[in-house]
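Below: one structure, written as structure tokens.
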Amino acid sequence: MNPLDLINRRSFLKLLILAVTGLYYYLWSSVTQRNRALTAGSSIVKIDIRKLANGTYFYDDFILFLKGENAGFYSNKCTHAGCVINREIGGELVCPCHGSKFDPETGRVLRGPAGSPLRTLTHYTDTKTGKTIVKL
Amino acid sequence: MGTRKKFRKYLAFDTWGWVATASLLICAVSGVLLTVPYDVTQPYLSVTRLVTANPAASYVRNLHYWSAQLFLILTLVHLFDHLLKGSEVNIRMKGIWFRLSFSLIFVFYAMISGFILKADGDSLQAQRILDSLIRGIPAIGNMLADTFVGLPGKFQVIYIQHAATATIIIFVVVLEHARSLMVNLKTFVITTLILGSVSLFFRAPVNGLNEEIMKGPWYFVGLQEILHWLPRPVYASVGLILPVVLLYSYYHLKPGLKQIFLKLFFGLLIAYALLTITGLFFRGVMWQWQWPWSDDYRSEQLMVPDRFPISRTDTYEMKIISGGVEGCMSCHGNMTGFSDAHKPEFIGCYSCHGGDPLTLNKSLAHREMYAVPGNLSNAAATCGNTGCHPAITERVPESLMATLSGIISVDRWVFGQNEKPLGLATVKDIGSSSAADVHLRNLCAGCHLGSEKLKPGPPEWIDRGGGCNACHLTYDRKALATLNSMKRGISGNNEPAFHPAIDLNITNDHCQSCHSRSGRISMNYEGWHETGLKPADAKGRNDLKILPDKRVFSKQPADVHHTAGMLCIDCHGSYELMGDGNRYMHKEDAVKVQCSDCHTHKANKQGGLAASDQETQLIAWLRGYKVEGAEIILTQKSGQALVNTRVEENGRILSLIKKSGGTKVLMKPPAAVCSEGLAHNRLSCEACHTGWAPQCIGCHNSFEPKTMGFDMLTGNTVKGTWVEYAAEGIADLPVLGVIESDKTVKGGKISTFIPGMIMTIDKGSFNKNDKSEFHRLYAPASAHTTQQLGRSCESCHNNPAAIGYGRGTLQFSKKGIWSFDALYANSKYDGLPEDAWTGFLKERKGPASTRVDARPFSLAEQRKILTVGACLTCHKGNSIVMKNALNDFNETSKSRDKDCIFTIW
Ligand code: FES
């Protein structure tokens with residue numbers, strides 16, 4: 001039996017469109033996904049915090065909070081919509097985009113709209129150099 | 001036809017749709033031209049470069065921007081026009097309506113991507129927000145974001161999608177809808193003319209990379225406001241697509257429903273417009289609420305472009321400051337004199353001086369610039385720039401030197417406006433109607449950090465203030481010479497070459513610009529006492545000094561710390577001078593350092609310099625101190641670091657690194673006599689070691705309606721002013737009294753006082769119904785005239801002035817009776833000698849000091865002092881018997897000689 005007899009011309013066309021769309025979707029998704037994986041790469045930053053005074057420091061990609069022995073490294077990306085936080089007002093980190101406030105000591109949200117605390121960055125001390133290595 | 005009708009007809013030269021199409025064409029053409037100067041690998045640099053130095057390109061950019069705005073607005077107007085007229089049904093094909101509806105997404109995409117492509121601070125944040133809005137969409141979010149936003153800070157993806165994809169889609173849809181792109185020639189010309197002239201007068205926005213305000217493009221400011229209320233931005237993404245879906249479905253609705261939908265649309269539009277207004281006009285720095293009239297967002301001043309065509313610019317060399325071109329540097333790049341951190345090659349001119357950095361046209365560049373960037377009215381935008389000193393410019397306005405709270409509260413109190421000399425009112429709260437406030441304006445309120453310095457130059461009494469600059473600007477010889485030639489207008493074609501340094505080199509002269517008045521501590525410290533002499537009297541005399549405001553000072557013993565080469569800032573550190581963030585009422589509350597922090601046998605409080613705060617360590621670094629391992633003194637009162645002190649040998653050796661010169665000197669512990677016995681444990685160090693204090697007895701204040709005066713807050717000359725007639729000051733040992741609030745010792749600390757206000761205020765001269773008032777108030781004063789040797793026993797116990805009776809002769813009779821003969825006549829107001837604080841062997845009633853917790857000696861205390869004074873009439877202060885008496889007076893007096901006369905009370 002001719003397979004074309006099973007479906008009429010119209011449905012076949014629809015099927016074809018669906019297949020082509022699917023193919024494009026697949027390609028699009030693969031292109032972006034693979035590219036993301038290829039370009040992501042984790043980076044690290046080395047800094048010497050031994051000489052730093054207590055306080056909050058704003059770096060290009062992260063915020064450092066130092067108080068005595070305790071050091072907190074946070075991503076400076078606001079957990080609300082991703083703006084970079086680069087200022088402290090009255091002891092609070094303030095996001096310039098929609099006004100979220102965070103506690104520099106813990107990264108906790110002090111005022112919305114942001115709902116979750118700033119992402120804490122893993123860090124450890126390099127025993128050889130004494131420098132702190134921060135994973136971004 | 002009526003003129004109005006004619007005019008309207010003239011205005012309605014074509015349909016909105018066609019004018020939108022004309023704008024689109026202009027936008028496309030200008031976009032094509034912009035690809036030449038725009039560099040996707042250095043977007044911000046290329047944008048600032050073209051705006052600054054390529055006027056034609058800048059003009060094309062303006063055209064591109066304004067045509068895009070017009071296209072967006074008219075597209076929306078055209079759409080509503082269709083909906084209102086119901087003419088959307090003329091669009092025959094569902095498919096076309098579908099494409100038209102959804103192309104709106106691309107119109108907004110083209111707009112926001114254009115906004116992002118300028119790559120300034122706002123753009124970078126907007127790119128991140130767009131990324132997270134799109135990425136939040138389920139299933140396809142990541143793919144969409146990767147395809148239409150790209151990596152943060154990278155512009156290739158967004159550039160191509162902006163210039164190609166979005167543009168093509170918009171053109172295809174417009175072409176399909178309008179069936180042609182052939183805009184009527186007249187429409188095209190008029191649109192070009194309109195956009196051409198708008199572009200001539202208004203520059204397309206481009207801000208700094210690090211501004212304090214982040215605002216999206218005007219059409220998304222409302223969305224930004226909505227996002228402020230939305231914890232999950234993905235709702236906003238859905239919300240953004242919703243109007244498009246509604247629009248699409250509108251086509252298919254029944255007419256009745258359409259009406260409801262239309263109302264809904266308009267309702268939403270009005271709500272969005274309100275949100276936009278809120279976002280545009282009421283959101284200030286760092287999302288703080290602000291009123292539109294207090295908006296000092298300086299980037300909005302940058303809307304005036306170089307006119308097109310413009311003068312030749314090819315001779316200038318472009319300099320790049322923090323990622324962008326700064327036009328100022330093309331002329332002023334050779335300026336020298338700065339401290340390292342403020343060198344223009346790092347921070348340019350704009351970050352301090354404002355103006356317009358994106359032009360080479362002198363008058364445009366200097367528009368709205370800050371001649372004196374430190375003025376507190378603009379310090380937050382200059383010195384307080386993000387990345388510079390924001391924490392400090394926040395603190396300084398709260399500091400006592402900026403608020404003047406003490407002066408204001410005391411002044412209002414003596415005028416009867418306040419019940420007590422207390423309050424945290426600041427200079428900003430000084431009104432212009434009450435007698436006290438006008439008095440403050442005429443005579444007192446000029447000395448505060450917020451006082452605007454309008455002309456560049458070193459701070460002097462006659463031209464003081466200037467906020468941060470009042471202390472941190474140092475003119476060396478070259479900078480002064482430059483200033484003077486600028487003042488004389490002889491800079492010619494050469495740009496000024498020397499800039500005063502902005503540094504920590506804060507000399508006593510800086511302090512002197514304000515502190516040469518009132519308690520005159522700056523002058524006292526260096527051993528100068530104000531006289532009533534005229535400058536002519538001082539000719540050829542080394543013992544007299546003339547200040548720039550023509551006051552003549554005579555030589556007195558200087559403070560030992562001054563003689564030892566110490567500056568004011570050797571004791572008074574950054575948290576005292578710039579405030580610690582708290583508001584204080586009076587100077588004794590704000591000042592945290594005290595003699596015993598340094599002059600002690602063992603450090604009372606100490607800490608590692610390495611463990612101190614950022615500011616202290618920055619100062620340490622700038623001064624070249626070794627931080628590691630350095631132990632410093634912390635003030636007992638507040639734990640503030642005294643950065644230039646060093647503690648060694650377990651706290652037993654204390655030294656100071658002089659801020660001027662850097663030599664290290666030992667700080668001596670107090671002499672044995674200071675802590676001998678218990679008799680003097682209530683005495684402050686100052687009570688004995690103050691050498692002298694300027695004292696002014698008797699002054700009269702009245703309002704003279706016809707006299708020309710000065711409003712120190714506005715800087716304006718005013719008719720009618722308060723005038724002060726004061727007697728000449730005397731340099732004399734201070735009076736002693738009690739500060740009860742000092743709880744470190746029982747009964748309160750005994751400290752030094754000077755006549756703060758022995759004066760009459762003729763309140764009737766200001767307000768007919770008021771009566772004259774007389775005040776006899778002493779003020780606690782740290783004269784800053786420390787002498788190594790303390791004052792003698794007799795100078796207190798046998799001195800009527802020290803006890804508070806005023807000058808005169810104190811006599812002890814053979815019968816054991818004390819008597820006092822005053823030098824000054826008794827005042828007609830209260831019967832006390834003019835210079836007295838309290839009556840002889842009398843208890844003072846009612847307010848006696850400018851502080852609620854300070855008073856002259858009580859009767860019991862006076863008796864105790866004079867009881868010892870009686871002994872001192874025969875026994876020398878350093879005799880054994882008096883030394884024993886210090887330990888136990890009663891015990892010593894038991895073994896007294898039979899000839900000894902004791903006081904009979
Ligand atoms: S991105 Fe930070 S508050 Fe919205």
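Computed from a predicted structure; not experimentally measured. Throughout, a chain's letter reflects where its sequence line sits, starting with A, and its residues are numbered from 1. Reckoned from all heavy atoms, side chains included, excluding hydrogens, waters and symmetry mates.
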Does any backbone or side-chain atom of B:R395 lie under 4.5 Å from a heavy atom of chain A? Answer side chain, backbone, both or neither.
neither
May I ask you to name which of B:A611, B:P233, B:G279, B:A236 has the most heavy-atom pairs under 4.5 Å with chain A?
B:P233
Relative to chain A, which segment of B:A391 carries a heavy atom at a distance below 4.5 Å: side chain, backbone, both, or neither?
neither
Looking at chain B, which one of A:G91, A:C97, A:S29 has the largest number of heavy-atom pairs inside 4.5 Å, strictly under?
A:C97
Apply side chain to side chain contact (heavy atoms under 4.5 Å, CB included) to residues A:W28 and B:D146 and explain how you reach the verdict.
CA-CA 10 Å; A:W28 185 24; B:D146 286 348; over 6 Å; no
Do you know the tightest heavy-atom contact between A:R36 and B:M143?
NH1-N, 4.5 Å
Contact origin within B:E615 toward chain A - heavy atom pairs under 4.5 Å:
neither
What residues of residues 77-84 of chain A sit under 4.5 Å from chain B when you count only heavy atoms?
A:H80, A:A81, A:G82, A:C83, A:V84
Please say whether more than 12 non-hydrogen atoms of neighbouring residues, nucleotides or ligands are located less than 6.0 Å from CH2 in B:W218.
yes
Do you know which of A:V94, A:N35, A:I89 has the most heavy-atom pairs under 4.5 Å to chain B?
A:I89
Chain A heavy atoms under 4.5 Å from B:L133: which part of the residue, side chain, backbone, both or neither?
neither
Note: vs chain B, highest number of non-hydrogen pairs under 4.5 angstrom among A:G99, A:A114, A:C95 is A:G99
What part of B:Q614 gets closer than 4.5 Å to chain A, counting heavy atoms only: side chain, backbone, both or neither?
both
For atom NZ of B:K154, is the number of surrounding heavy atoms from other residues, nucleotides or ligands below 6.0 Å larger than 12?
no
Given the rule in the side chain to side chain contact (heavy atoms under 4.5 Å, CB included) test, do A:T32 and B:N142 qualify, once you have shown the distances and angles that lead to the verdict?
CA-CA 8 Å; A:T32 50; B:N142 278 333; over 6 Å; no
Tell me, out of A:V31, A:L66, A:T56, who's got the most heavy-atom pairs with chain B below 4.5 Å.
A:T56
Tell me, out of A:S100, A:S116, A:G55, A:G115, who's got the most heavy-atom pairs with chain B below 4.5 Å.
A:G55
Which atom names give the shortest non-hydrogen contact between A:P96 and B:M214, and what distance separates them?
O-CB, 3.8 Å
Listed by number, the residues in residues 222-232 of chain B that come under 4.5 Å of chain A (heavy atom to heavy atom) are B:Q224, B:L227, B:H228, B:L230, B:P231
